[in-house]
Amino acid sequence: MTTQSQDTRAPGARQKAVYVYGIMPGDIEVASGGTGVGDPPGEVRVVRHGDLAALVSDVDLSRPLGRPQDLYAHEELLDSSAAEVPVLPLRFGAVVASDDAVAEELLDAHHDEFADALRQLEGHAEYVVRGRYVQDTILREVLEENPRAARLAEQVQGMNEDAARELRMELGEIVGIAIAARREQDTRVVGTAVRDVVAASVVRDPTHELDAVYAAFLVETDRAPELEEALERLARDWSDRVELRLIGPMAAYDFVGTAAAAPAAGG
């Protein structure tokens with residue numbers, strides 16, 4: 001016969017656990033007083049095991065995570081660290097039971113994978129290039145190059161919404177396909193413009209219909225000015241059709257393998 005233990009904690013009682021932000025070299029130092037996720041936010045500290053360290057804070061699981069400020073705190077801690085040292089970011093929400101679990105279940109159990117990944121990231125950070133088409137410009141390009149789209153655009157002018165519904169749907173489909181083709185082409189243009197500067201790249205899925213480029217690049221930190229210069233030249237060339245932004249440095253979210261991803265479901 002089996003028995004099932006009962007949770008005797010009072011409703012709303014604090015349920016302490018350890019939130020893990022990322023993995024770093026074991027010799028890092030963290031300034032005191034910094035805070036992370038949670039309500040109230042826990043003080044950020046380091047758990048060390050050999051030549052590895054984990055950036056952590058205590059968290060109360062009786063209060064669910066997931067507020068915008070929690071996600072911001074998670075990313076801000078990792079990104080600010082990545083500007084100084086190699087960081088393996090864990091997915092948002094990585095929680096384990098205790099400091100001992102951090103040391104044994106993460107740092108010790110995955111030591112070789114983490115150590116190898118940190119060596120590969122040494123001296124590098126991630127930068128994200130995001131471009132958005134200027135709507136009037138890209139639509140004009142599509143209509144100039146696609147006679148069918150131009151005729152449809154002319155037809156729907158002055159028609160009431162119900163009468164023009166099917167024509168607008170067809171026009172929207174043509175425009176969407178044309179923009180997707182341009183996005184692929186312009187993403188290649190960006191890749192060519194920065195290829196001599198970057199160590200690796202990942203094309204991210206678009207999140208908006210007018211996205212022109214959305215890509216992550218792994219860059220040696222001392223070559224970041226060269227990346228900025230290359231994108232500034234491209235931004236000048238595209239000044240009337242694409243609004244370009246460079247975001248970074250940040251943790252290498254797009255360039256960590258399964259080593260950093262696997263422990264994220266800890267508990």
Expected list for residues 168-181: side-chain donor-acceptor pairs under 3.5 angstrom, two or more places apart:
unit_1 : atom_1 : unit_2 : atom_2 : d
Glu170 : OE1    : Arg148 : NH2    : 3.0
Glu170 : OE2    : Arg148 : NE     : 3.0
Glu170 : OE2    : Arg148 : NH2    : 3.0

Item to check | Euclidean distance, Thr137 OG1 relative to Glu243 CD, rounded to 0.5 Å | outcome: 9.5 Å
Checklist entry - Can you find a pair of side-chain heavy atoms, one from Pro86 and one from Pro25, that are under 4.5 Å apart? => result yes
Next on the checklist: Listing request: all ring pair (Phe, Tyr, Trp, His ring centres under 6.0 Å) pairs with a residue in residues 179-234, at least two apart in sequence or in separate chains.
Outcome noted: none
Checklist entry - So which pairs with a foot in residues 72-88 pass salt bridge (charged side-chain N to carboxylate O under 4.0 Å, His left out), sequence neighbours left out? => result none
Checklist entry - Looking only at heavy atoms, which two atoms of Ala230 and Val194 are closest? And how far apart? => result CB-CG1, 4.2 Å
Checklist entry - Would you find a donor on one side and an acceptor on the other, under 3.5 Å apart, between the side chain of Glu104 and the backbone of Ala109? => result no
Checklist outcome for this item: Residues at least two apart in sequence or cross-chain that pass side chain to side chain donor-acceptor pair (under 3.5 Å) with Asp51, listed by chain then number, are His111
Next on the checklist: Please determine whether residues Val142 and Val134 belong to a single hydrophobic cluster, defined as Ile, Leu, Val, Met, Phe, Trp and Tyr linked transitively by side-chain heavy-atom distances below 4.5 Å.
Outcome noted: no
Next on the checklist: Measuring from atom CG of Leu65 to atom CG of Asp39, what distance do you get when rounded to the nearest 0.5 angstrom?
Outcome noted: 10.0 Å
Next on the checklist: Holding to side chain to side chain donor-acceptor pair (under 3.5 Å), I want the full list of residues that pass it with Arg183, two or more places apart in sequence or in another chain.
Outcome noted: none
Next on the checklist: To the closest 0.5 Å, what do you measure between CG (Asp222) and NE2 (His124)?
Outcome noted: 8.5 Å
Checklist entry - Between Val256, Ile23, Val95, which is the residue that forms a side-chain contact (heavy atoms from CB on, under 4.5 Å) with Leu90? => result Ile23
Checklist outcome for this item: Applying salt bridge (charged side-chain N to carboxylate O under 4.0 Å, His left out) to Arg45 and not counting sequence neighbours gives Asp58, Asp99
Checklist entry - What pairs meet the salt bridge (charged side-chain N to carboxylate O under 4.0 Å, His left out) rule with one or both residues in residues 189-198, with sequence neighbours excluded? => result none
Next on the checklist: Minimum heavy-atom separation for Trp238 and Leu244, please, with both atom names.
Outcome noted: CE3-CD1, 4.1 Å
Checklist entry - Taking all non-hydrogen atoms of both residues, which atom of Glu126 and which atom of Ala216 are closest, and how far apart? => result OE2-CB, 3.4 Å
Checklist entry - Tell me, do Leu121 and Leu88 make a side-chain contact under 4.5 Å, heavy atoms counted? => result yes
Item to check | Co-membership, hydrophobic cluster, residues Val219 and Val189, 4.5 Å side-chain | outcome: yes
Item to check | Residue pairs, two or more places apart or on separate chains, that pass ring pair (Phe, Tyr, Trp, His ring centres under 6.0 Å) and touch residues 146-189 | outcome: none
Next on the checklist: Restricting to non-hydrogen atoms, name the atom on Gly33 and the atom on Glu43 that form the minimum distance, rounded to 0.1 Å.
Outcome noted: N-OE2, 3.1 Å
Checklist outcome for this item: Correct closest heavy-atom pair for Ala82 and Ala125 would be O-CB, 4.2 Å
Item to check | Side chains of Val59 and Gln15 in contact at under 4.5 Å (non-hydrogen atoms) | outcome: no
Next on the checklist: Test your reading of the model: is there a side-chain donor-acceptor pair from Asp116 to the backbone of Asp112, 3.5 Å cut-off?
Outcome noted: no
Checklist entry - Just checking, any donor-acceptor pair under 3.5 angstrom between side chains of Tyr133 and Asp186? => result yes
Checklist entry - Should Glu113 and Arg119 count as an ion pair when the cut-off is N to O under 4.0 Å? => result no
Item to check | Exam field: side chain Asp108 to backbone Ala103, donor-acceptor pair closer than 3.5 Å | outcome: no
Next on the checklist: Whether the side chain of Glu220 engages the backbone of Ala199 through a donor-acceptor N/O pair (distance < 3.5 Å, no angle test) should be reported.
Outcome noted: no
Next on the checklist: Would you say Met250 ends up clustered with Val203 if hydrophobic residues are merged whenever their side chains have heavy atoms under 4.5 Å apart, either directly or through other cluster members?
Outcome noted: no
Item to check | Side-chain touch Arg241/Ile138, heavy atoms, less than 4.5 angstrom | outcome: yes
Checklist entry - Under a 4.5 Å side-chain heavy-atom rule over Ile, Leu, Val, Met, Phe, Trp and Tyr, are Val128 and Leu77 clustered together? => result yes
Next on the checklist: I'd like to know whether CD of Gln155 has more than 12 heavy-atom contacts from other residues, nucleotides or ligands below 6.0 angstrom.
Outcome noted: yes
Item to check | All pairs passing salt bridge (charged side-chain N to carboxylate O under 4.0 Å, His left out) where residues 21-33 contributes a residue, at least two apart | outcome: Glu29-Arg48
Checklist entry - Can you find a pair of side-chain heavy atoms, one from Leu52 and one from Leu118, that are under 4.5 Å apart? => result yes
Checklist entry - Please, which pairs that meet ring pair (Phe, Tyr, Trp, His ring centres under 6.0 Å) have at least one residue in residues 147-176, sequence neighbours excluded? => result none
Next on the checklist: Please find the pair of heavy atoms, one from Ala212 and one from Thr187, that lie closest to each other, and give the distance.
Outcome noted: O-OG1, 3.6 Å
Next on the checklist: Test: ring pair (Phe, Tyr, Trp, His ring centres under 6.0 Å). Region: residues 18-76. Which pairs qualify, not counting sequence neighbours?
Outcome noted: Tyr19-Tyr21, Tyr19-His74, Tyr21-His74, His74-Phe92
Item to check | Side-chain touch Arg132/Val242, heavy atoms, less than 4.5 angstrom | outcome: no
Next on the checklist: For a salt bridge (Lys or Arg N to Asp or Glu O under 4.0 Å) check, start with the C-alpha distance between Asp60 and Lys16, then their side-chain angles and the critical distance, and finish with the verdict.
Outcome noted: CA-CA 5 Å; Asp60 182 1; Lys16 181 181 175 182; over 6 Å; no
Item to check | Minimum side-chain heavy-atom gap Leu55-Ser81 below 4.5 Å | outcome: yes
Checklist entry - How far apart are the C-alpha atoms of Tyr127 and Ile247, what are their side-chain angles, what is the distance that settles it, and do they pass the side chain to side chain contact (heavy atoms under 4.5 Å, CB included) test? => result CA-CA 6 Å; Tyr127 289 80; Ile247 307 165; over 6 Å; no
Item to check | Contacts of type side chain to side chain donor-acceptor pair (under 3.5 Å), residue Arg223, not counting sequence neighbours | outcome: Glu226
Checklist entry - Is there side-chain contact between Leu231 and Leu227, with heavy atoms separated by less than 4.5 Å? => result yes
Next on the checklist: Set out, in order, the CA-CA distance, both residues' side-chain angles and the distance that settles salt bridge (Lys or Arg N to Asp or Glu O under 4.0 Å) for Glu145 and Arg140, then state yes or no.
Outcome noted: CA-CA 9 Å; Glu145 297 180 14; Arg140 184 169 61 251; over 6 Å; no
Checklist entry - Is the CZ atom of Arg67 crowded by more than 12 outside heavy atoms at less than 6.0 Å? => result yes
